[in-house]
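In this chain, residues are counted from 1 in sequence order.
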Amino acid sequence: MPKPVPVESLLRIPRRARTPVVPALALVGIALFALEIGSASAQGKLLPPEEAFRFSARALDARSVEATFAVADGYYLYRDKLRFATVPADVRLGPVELPAGKVKEDQFFGKVETYRDRVVVRLPLERAVAGQVVTVRADSQGCADVGVCCPPNTQSVTLTLPQAGAPPGPLIDATPPRKRWFN
């Protein structure tokens, strides 16, 4: 009669058989990650949010500011993710009317309105006075066409409101372009 084999020994995987599984899975994960990076870099280097969605603003007069987003090629900005605020607290924003966007079936958020290229928004100010310094903060979020979304991004610009009858102030970038020594 054959000697009985303990059940525990049948359930154990020999050490030689289980050791290569972990490195093999790690290699598969690294390969998939490399493919994802490769497909993104094949389309071009992904930009940081402040470069993909450049925010700038200018004071039109003591009652309004013109806010602009310049959206980089290959990117789009979500209309419903745009929010604006002002500092100091005594200067408040009136009702902001965003321009209509282009309807898109988005893989992340479903049916949404988006902006490409450039979007300009007029921000009405309440309780502001000529000559006052105001900071306009813009919250936004967008994605790259390659299927990568940027995290929510906050950018701000500090402006001086023009005196009555003066021309609009200069357009000020939230993130001025950096000098590049090497490409």
Side-chain angles (χ1 to χ4, degrees), residues 43-181 183:
Q43 299 293 326
K45 183 179 175 186
L46 292 175
L47 298 172
E50 60 275 358
E51 288 183 34
F53 313 105
R54 282 198 174 279
F55 175 65
S56 58
R58 69 181 182 146
L60 297 175
D61 53 41
R63 299 269 181 219
S64 61
V65 168
E66 182 180 81
T68 302
F69 280 96
V71 182
D73 287 341
Y75 290 82
Y76 56 93
L77 191 61
Y78 293 111
R79 181 180 190 264
D80 67 340
K81 303 290 183 193
L82 289 183
R83 303 280 183 275
F84 298 95
T86 56
V87 175
D90 61 330
V91 175
R92 297 181 192 248
L93 283 178
V96 176
E97 292 186 32
L98 297 175
K102 183 178 178 184
V103 176
K104 172 183 176 54
E105 188 61 41
D106 186 76
Q107 65 181 350
F108 302 103
F109 297 111
K111 188 176 179 180
V112 293
E113 285 185 67
T114 61
Y115 301 117
R116 290 189 181 268
D117 302 318
R118 180 180 149 117
V119 61
V120 179
V121 180
R122 190 176 182 120
L123 307 174
L125 302 177
E126 297 175 353
R127 296 194 273 172
V129 294
Q132 187 172 15
V133 175
V134 175
T135 298
V136 177
R137 188 185 81 211
D139 296 323
S140 64
Q141 185 175 12
C143 296
D145 288 336
V146 295
V148 178
C149 277
C150 298
N153 187 34
T154 300
Q155 300 178 78
S156 61
V157 170
T158 300
L159 311 164
T160 301
L161 302 177
Q163 297 295 328
L171 189 65
I172 298 175
D173 286 324
T175 309
R178 291 185 222 151
K179 285 186 178 180
R180 296 186 185 207
W181 296 99
N183 286 336

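- Residues V91 and A128 come closest through the heavy atom pair CG1-CB, 4.0 Å.
- With sequence neighbours excluded, the residues forming a side chain to side chain contact (heavy atoms under 4.5 Å, CB included) with V129 are Q132, listed by chain and number.
- Put simply, the side chain of F109 does not reach to within 4.5 Å of the side chain of T114, judged on heavy atoms.
- Across all non-hydrogen atoms, the minimal contact from P88 to V134 is CD-CA, 4.4 Å.
- Counting heavy atoms from C-beta outward, L47 and R54 have side chains that stay 4.5 Å or more apart.
- A distance of 14.5 Å separates OG in S140 from CZ in R79, rounded to the nearest 0.5 Å.
- Between F55 and A67, the shortest heavy-atom distance links the atoms CE1-CB, 3.7 Å.
- Between V146 and L46 the shortest side-chain heavy-atom distance falls below 4.5 Å.
- At least one side-chain heavy atom of V119 sits less than 4.5 Å from a side-chain heavy atom of L77.
- Remark: side-chain polar atoms of R116 are paired, donor with acceptor, to backbone N or O of Y75 under 3.5 angstrom.
- For the pair P95 and E126, the minimum side-chain heavy-atom distance is below 4.5 Å.
- Applying the salt bridge (Lys or Arg N to Asp or Glu O under 4.0 Å) test to every pair with at least one member in residues 148-166, sequence neighbours left out, gives no pairs at all.
- Within the structure, salt bridge (Lys or Arg N to Asp or Glu O under 4.0 Å) contacts touching residues 89-106 (residues at least two apart or in different chains) do not occur.
- Note that SG of C149 is 7.0 Å distant from CD of Q107, once rounded to the nearest 0.5 Å.
- The shortest side-chain heavy-atom distance between L60 and R122 falls under the 4.5 Å cut-off.
- Residues forming a side chain to side chain contact (heavy atoms under 4.5 Å, CB included) with P152 (at least two apart in sequence, or on another chain): Q141.
- The two residues A130 and A164 have their closest heavy-atom pair at CB-N, 4.2 Å.
- Scanning for side chain to side chain contact (heavy atoms under 4.5 Å, CB included) contacts around C150 gives P49, F53, with sequence neighbours left out.
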Please step through side chain to side chain contact (heavy atoms under 4.5 Å, CB included) for the pair V136 and L123, ending with a clear verdict.
CA-CA 9 Å; V136 177; L123 307 174; 3.7 Å; yes
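- Between R58 and G169, the shortest heavy-atom contact is CB-O, 3.5 Å.
- The ring of Y115 has its center no closer than 6.0 angstrom to the ring center of F69.
- Note: I172 CD1 to S56 OG = 9.5 Å, rounded to the nearest 0.5 Å.
- Side-chain contact between T68 and V121 is absent, with no heavy-atom pair separated by less than 4.5 Å.
- You'll find the side chain of E113 reaches within 4.5 Å of the side chain of V103, heavy atoms only.
- Across every non-hydrogen atom of L161 and D61, the tightest pair is CD2-O, 3.8 Å.
- The stretch residues 148-170 participates, sequence neighbours left out, in these side chain to side chain donor-acceptor pair (under 3.5 Å) pairs: T135-T158, D139-T154.
- Under a cut-off of 6.0 angstrom, the local environment of CZ in R63 is sparse, with at most 12 non-hydrogen atoms contributed by other residues, nucleotides or ligands.
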